[in-house]
2 protein chains.
Amino acid sequence: MVPNWDDMRVFLAVAREESLSAAGRRLKIDPATVGRRVARLEASLDAPLFTKSQQGYVLTPIGERLLDHGLKAEEAMRAASGSVSGSSKTLSGQIRIGAPDGCATYLLPQVCAKICDANPELDIQILSLPRVINLSRREADMAITVSAPTAGRFLVQKITDYRLHLVASQEYLNAQAKIENLEALRRHRFIGYIPDMIFDRELDYLVDIGVERVALASNSISVQLGQASLGSGVCVGHDFALPFHPNLRKILTDQLSLTRRYFLIRHQGDQRNERLNRFAQALTAGIREEVVRLEAEASP
Amino acid sequence: MVPNWDDMRVFLAVAREESLSAAGRRLKIDPATVGRRVARLEASLDAPLFTKSQQGYVLTPIGERLLDHGLKAEEAMRAASGSVSGSSKTLSGQIRIGAPDGCATYLLPQVCAKICDANPELDIQILSLPRVINLSRREADMAITVSAPTAGRFLVQKITDYRLHLVASQEYLNAQAKIENLEALRRHRFIGYIPDMIFDRELDYLVDIGVERVALASNSISVQLGQASLGSGVCVGHDFALPFHPNLRKILTDQLSLTRRYFLIRHQGDQRNERLNRFAQALTAGIREEVVRLEAEASP
DNA sequence: AAAATATTTTGCAAAAATGCAAAAGGAGGA
DNA sequence: TCCTCCTTTTGCATTTTTGCAAAATATTTT
């Protein structure tokens, strides 16, 4: 009769994922158990919460109503966990970060490795996302973005600025006439993002330069730089990525230099979550350091 | 690592009761289990929540902080349960009502019996309290009072007015000179509440009449009426109580008649709790009917 | 002072919940 | 049309949780 509070936790997962198996993956419990706990909750509430089918679980109107309250409970439970600063000196558990692929590829691996070394109990998951992450749905605990969100209640914190320049491989440059100015670029092949898959205006570098056509495109910056590295063309790349592609050279650095900024976005409700606060602190500091280190290495 | 939400439920009970066994009684689970679940919560939060001793569990500062969030979670869970109208036609589970003793003694038994008959799955607990009930601490789901609360966020609903008169036993009246007016009362012995235990000004009937001395006192109205019934003196009694004391007679009804009002108090957060709404509806209707019936019976 | 009554804690057997493996049922693609 | 992959569901062995009984300990009463 009186519901088990923990069943609400699995209810939320199922409501979000619309599937027992996906919810099970997220919660790291067996889908069968997930199904049984939903059934138990329905029994104790004496109401159908989902319409069940082989292609998933979808909320009934009653379930929708329950979801509203469940989210409130979740917020409270999250704040509760956060309020006990976890007396232990070291962080533990699981933290998931969403980030644009440049950051995820070239910065987070080293930074997170260092954090993990210092906190052996901590598991970090890096979500490299080809789209703006939906933090409201709790897809991640925090997200790194290139523009501050305008709507929604979030904690926004500047991480650091970083620079981008035009790059091409040494071999490519040797084979061509020296590129003297921006005008000369018109005769070159460009590598960039897939135009209609650019999810943030800040990432639409090429439009800033006036380039209209992208011959080789990928949704992954590392694929782009890989192609540039093979001598396929000219590309806009992060300075901090260059040490990973030794034969890439910056070009026209005096005539074209882009600056962008990383932000750390968190849920408003996590403001007093000491655990996440400490992690965020370590993360931003780590990224800042790493950008400085890599950009210095790339400057000559 | 990730806490079991249901452990928060038992944490709240222990925090309130400050004892494993009392919490166990309230939750209807074994004290040993309560202790183990608290231990598990502490382990998953990695923080000491209680200082434990043989005389009970008392919150640590960390526990205090957790309590705040836990209460929020509880509110959300309560609202969640309430939001699903419990598709079944009949009420079930457990509902606890606090009430002043007059109401608890002479009205609620019949009214609640009727409600229970109509809802076989429902358990009703009547808390007859010698003090103003602390609804904020969730000692009860709802409370009946004689004055509307001034502070706090509560739902207040008038139930019904009721009347009180001076009463004495037939035998007592026969043995005395006829009491013609209020002035004549000065020579009689009064039965009433224990003066310094009156918790609500509305119950301080005798001061309204001008009586200063109470010879026989009890904190229980049924004890008072029992004494009056034995011919020990004059007492202020509820009209609706008289049918239960057949040899009591109202006196000076034309010169002294008190009217009081019962209110039903509920938690603001329960406003959309269909289950409690339905119960409250049945309760107020039942009390209203019962007062009318009993007062009619007492009038001749 | 000693007995009685609370409390928490511990040991163990019973009960419940869980994970795994297999079954059953569709949706989408070759 | 069939085949494959993805679901949910079911049966069963294992693990975990729970309740009960007894032990240990302190407080209150006689």
Side-chain angles (χ1 to χ4, degrees), chain A residues 1-60 62-64 66-67 70 77 93-94 123 137 139, chain B residues 1-60 62-63 66-67 77 93-94 123:
Chain A
M1 176 53 215
V2 21
N4 183 310
W5 285 19
D6 207 54
D7 289 346
M8 178 63 88
R9 192 168 59 86
V10 344
F11 165 81
L12 289 176
V14 176
R16 281 199 254 257
E17 302 284 352
E18 303 202 319
S19 136
L20 296 186
S21 35
R25 272 189 299 277
R26 172 185 281 224
L27 299 175
K28 288 206 261 290
I29 58 182
D30 196 272
T33 303
V34 176
R36 283 182 284 236
R37 296 194 47 183
V38 168
R40 185 172 68 178
L41 184 64
E42 289 184 321
S44 72
L45 256 30
D46 186 33
L49 267 20
F50 295 96
T51 58
K52 294 125 177 148
S53 79
Q54 257 105 349
Q55 41 286 18
Y57 269 44
V58 30
L59 285 172
T60 61
I62 296 182
E64 296 272 9
L66 189 72
L67 179 59
M77 290 299 298
Q94 192 185 77
D123 297 337
R137 288 200 184 175
E139 288 173 0
Chain B
M1 174 56 215
V2 22
N4 183 311
W5 285 20
D6 207 54
D7 289 345
M8 177 63 88
R9 193 167 58 86
V10 343
F11 165 81
L12 289 176
V14 176
R16 280 198 254 257
E17 303 284 352
E18 303 202 319
S19 139
L20 296 185
S21 35
R25 273 190 297 277
R26 173 186 279 224
L27 298 175
K28 288 205 264 286
I29 59 183
D30 195 273
T33 303
V34 176
R36 284 182 285 235
R37 299 208 29 195
V38 168
R40 184 172 69 179
L41 184 64
E42 288 184 323
S44 72
L45 256 29
D46 186 33
L49 268 21
F50 296 95
T51 60
K52 295 129 177 141
S53 79
Q54 258 106 349
Q55 17 324 351
Y57 270 43
V58 30
L59 284 172
T60 62
I62 296 182
L66 190 72
L67 180 59
M77 290 299 297
Q94 194 186 75
D123 296 338

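In what follows, chains carry the letters A, B, and so on, assigned in the order in which the sequence lines appear, proteins first and then strands, with residues in each chain numbered from 1.
Distances from the side chain of S19(B) to the nucleotides dT7(C), dT9(D), dT17(D) place dT7(C) closest. Distance from the side chain of I29(A) is smallest for dG19(C) among the nucleotides dT9(C), dG19(C), dT9(D). Here the side chain of L20(A) is nearest to one of dT9(C), dT9(D), dT18(C), namely dT9(D). Closest to the side chain of D30(A), out of dG19(D), dT8(C), dG19(C), is dG19(C). Comparing atom distances between the Q55(A) side chain and each of dG26(C), dT9(D), dT7(D) picks out dG26(C) as nearest. The side chain of S21(A) has dT8(D) as its nearest neighbour among dA17(C), dT8(C), dT8(D). Taking only side-chain atoms of R40(B), from C-beta outward, the nucleotide of dT9(D), dT17(D), dG19(D) with the closest atom is dT17(D).
Between A22(B) and A32(B), the residue whose closest nucleotide on DNA chain C is further toward the 5' end is A22(B). Taking for each of E18(B) and R36(B) the nucleotide of DNA chain C with the nearest heavy atom, the 5'-most of the two is the partner of E18(B).
Under the 3.5 Å distance criterion, the side-chain polar atoms of D6(A) are matched with a main-chain donor or acceptor of W5(B). With hydrogens and angles ignored, the 3.5 Å screen pairs a side-chain donor or acceptor of E42(A) with a backbone N or O of F50(A). Checking side-chain atoms of T60(B) against main-chain N and O of P48(B) turns up a donor-acceptor pair under 3.5 Å.
In this structure, F50(A) atom CZ and dT9(D) atom C1' are separated by 16 Å, rounded to whole Å. Across the protein-nucleic acid pair, E42(A) atom CD and dT8(D) atom P stand 14 Å apart, rounded to whole Å. For K52(B) and dA26(D), the NZ to P distance is 17 Å, given to the nearest whole Å. Atoms CG (L27(A)) and P (dG19(C)) sit 10 Å apart, rounded to a whole Å.
Residues R9(A) and L27(A) meet the side-chain proximity criterion, which asks for heavy atoms closer than 4.5 Å.
If you check every strand for non-hydrogen atoms under 4.0 Å, R37(A) touches sugar and phosphate atoms only.
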